[in-house]
> 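Sharing a structure with you now.
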Protein chains: 2
Amino acid sequence: MNVMNASPRRKELTRLAAQLFVQEGFDRTTVRMLAQEMGIKSGSLFHHFRDKQEILAAVIEEGTENALVIAREALSRCDSHASSRLHAMARAHLETLLTDRNAHVVALYEWRRLDPEARAHLGHLRDAYESLWEEVIDDALATGLIHGDRFLVSRFVMGALNWTVRWYDPDGTRTPDELADELVVMITRSTSTR
Amino acid sequence: MNVMNASPRRKELTRLAAQLFVQEGFDRTTVRMLAQEMGIKSGSLFHHFRDKQEILAAVIEEGTENALVIAREALSRCDSHASSRLHAMARAHLETLLTDRNAHVVALYEWRRLDPEARAHLGHLRDAYESLWEEVIDDALATGLIHGDRFLVSRFVMGALNWTVRWYDPDGTRTPDELADELVVMITRSTSTR
DNA sequence: CATTTACACTAGCGCTTGCTTGGTTGACCC
DNA sequence: GGGTCAACCAAGCAAGCGCTAGTGTAAATG
């Protein structure tokens, strides 16, 4: 059974839930808090979601699907050079991380709270996204743009990028694109100094 | 007021708590679960710790202090070349991340659950550790070993390293030292291909 | 010897939790 | 104009929560 974020009402509720989950954490966010934020009573919540877990799953599903869409679009919009694909992927990654920040923070921090079924379903989604990355990394390795172990490089890169949610300030001076480019510069050989 | 992990009994309890916090998360770990794991009744717990929050603070303090000790020792044991210091720091980081894995996972995931006082105290500890990193990064930048923005590079590197707790398998084929070296290779210019 | 200290126990208070129940409302449809 | 249906509500249940109060006891300390 899929989670289905179809209804617009439900989509809005999911967005609000994501915000609260980030602020308070999943466990400390009560159904009463969620309901109040949504302008309804706690009982009404269970008309839209089977239980609290399903709200969490909806939040994470929304974020991961957006990430997939954005990454695919970014890749389809750029040429076949390993370098531009790497740049595009890094930029796309940071773009979702910031526009759907709440959902992604929840995915990173509250993944363990998912029940086994939801974890399996969303795990496949995440794998689909990560395989996009490995494809791009493979290209970059093949053309000598970067060196090292395929597995390790992709994990290091994703770690560096995902970690940004812990320190990046959207109101600061740096744009997401600058971050992405700086990361690519750091891991690629040969390029001139910026 | 310091948290003081002095008593050996308390140290052992802290270790057990760290394990449970990783397994279940802080909020879902009840004082009754903690007590059972420790072989005492839930009421007895509050002889050792003022409240549940203090257990969390003790866990994180223990891990962070160990990280500081290990990093300082590693740095004092190696020569003054930027390259060897970078290697040493990366290895030390992964060493703590694995030997005190539970404590560090708790620190990464449950930081927000700390009350303001504990957060301030432990924040200073963490800052002391991170400044070790920035020192090493500065050296590497000054000697041209790596390029880029000081702030960004250190955050990217720490992100890549900290992220390892999410995927690294201690029973696998790769040693922590291999991981550290591979990361250094990835971000440094000039070196030969392994 | 008397006293203190460290550690553990039992029993439960006061409160919050996720979720259920049984019902109402109003918009839409043939 | 009877039927359908999503949306919502008031009320509350059973379970579980962190934590406290008061007591017992064996070892260390004077």
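Residue numbers start from 1 in every chain, and the chains themselves are labelled A, B, ... in the order their sequence lines are given, proteins ahead of strands. Here the structure is a predicted model, which is why all the values come from computation and not from measurement.
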> Could you list the protein-to-nucleotides 22-28 of chain C atom pairs, N/O on both sides, closer than 3.5 Å?
none

> With salt bridge (charged side-chain N to carboxylate O under 4.0 Å, His left out) as the rule and sequence neighbours excluded, what pairs involving residues 90-113 of chain A come up?
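Of all non-adjacent pairs touching residues 90-113 of chain A, those that pass salt bridge (charged side-chain N to carboxylate O under 4.0 Å, His left out) are A:D27-A:R113, A:R91-A:D177, A:R91-A:D181.
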> For each nucleotide in nucleotides 7-19 of chain C, reading 5' to 3', give B when a protein heavy atom comes within less than 4.0 Å of its base, S when such contact involves only the sugar-phosphate, and - otherwise.
BSBB-B----BBB
> Could you list the residues that satisfy ring pair (Phe, Tyr, Trp, His ring centres under 6.0 Å) with B:F151, not counting sequence neighbours?
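Here the qualifying residues are A:W167.
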> Residues in side chain to side chain donor-acceptor pair (under 3.5 Å) with B:E12, at least two apart?
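For B:E12 the side chain to side chain donor-acceptor pair (under 3.5 Å) partners, ignoring immediate neighbours, are B:R15.
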> B:H93: which residues meet the ring pair (Phe, Tyr, Trp, His ring centres under 6.0 Å) condition with it, sequence neighbours left out?
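If we apply the ring pair (Phe, Tyr, Trp, His ring centres under 6.0 Å) test to B:H93, skipping adjacent residues, the hits are B:Y129, B:W133.
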> For the CD atom on B:Q23, are there more than 12 heavy atoms of other groups (residues, nucleotides or ligands in this structure) within a distance under 6.0 Å?
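Counting neighbours around CD of B:Q23, more than 12 heavy atoms of other residues, nucleotides or ligands fall under 6.0 Å, so yes.
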> Report the end-to-end axis angle of the helix from C:dC1-D:dG30 to C:dC30-D:dG1; each axis comes from five terminal pairs, and the value is rounded to 10°.
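Comparing the axis at each end, I get an angle of 10°.
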> By side chain to side chain donor-acceptor pair (under 3.5 Å), which residues pair with A:D51, not counting sequence neighbours?
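Side chain to side chain donor-acceptor pair (under 3.5 Å) check on A:D51 returns nothing, list empty.
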> Decide yes or no for A:D139 and A:R85: does some side-chain heavy atom of the first lie under 4.5 Å from some side-chain heavy atom of the second?
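The answer is yes; the side chains approach within 4.5 Å.
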> Going through the distances and angles, do B:L94 and B:L161 end up as a side-chain contact (heavy atoms from CB on, under 4.5 Å)?
CA-CA 7 Å; B:L94 284 172; B:L161 287 176; 3.9 Å; yes
> Of all residues at least two apart in sequence or in a different chain, which pass the ring pair (Phe, Tyr, Trp, His ring centres under 6.0 Å) check with B:F21?
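Ring pair (Phe, Tyr, Trp, His ring centres under 6.0 Å) check on B:F21 returns B:F26.
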> Tell me, please, the opening and closing nucleotides of DNA chain D, 5' to 3', among those with an atom under 4.0 angstrom from a non-hydrogen atom of chain A.
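Range of nucleotides touched by chain A: D:dA6 to D:dG12.
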> Could you list the residues that satisfy side chain to side chain donor-acceptor pair (under 3.5 Å) with A:H81, not counting sequence neighbours?
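For A:H81 the side chain to side chain donor-acceptor pair (under 3.5 Å) partners, ignoring immediate neighbours, are A:D79.
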> Which residues pass the salt bridge (Lys or Arg N to Asp or Glu O under 4.0 Å) test with A:R119, sequence neighbours left out?
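For A:R119, no residue satisfies salt bridge (Lys or Arg N to Asp or Glu O under 4.0 Å) once neighbours in sequence are set aside.
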> Decide whether A:L152 and B:Y168 are clustered together by the hydrophobic rule: side chain heavy atoms of Ile, Leu, Val, Met, Phe, Trp, Tyr closer than 4.5 Å, transitively.
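As far as the 4.5 Å side-chain criterion goes, B:Y168 and A:L152 are connected within one cluster.
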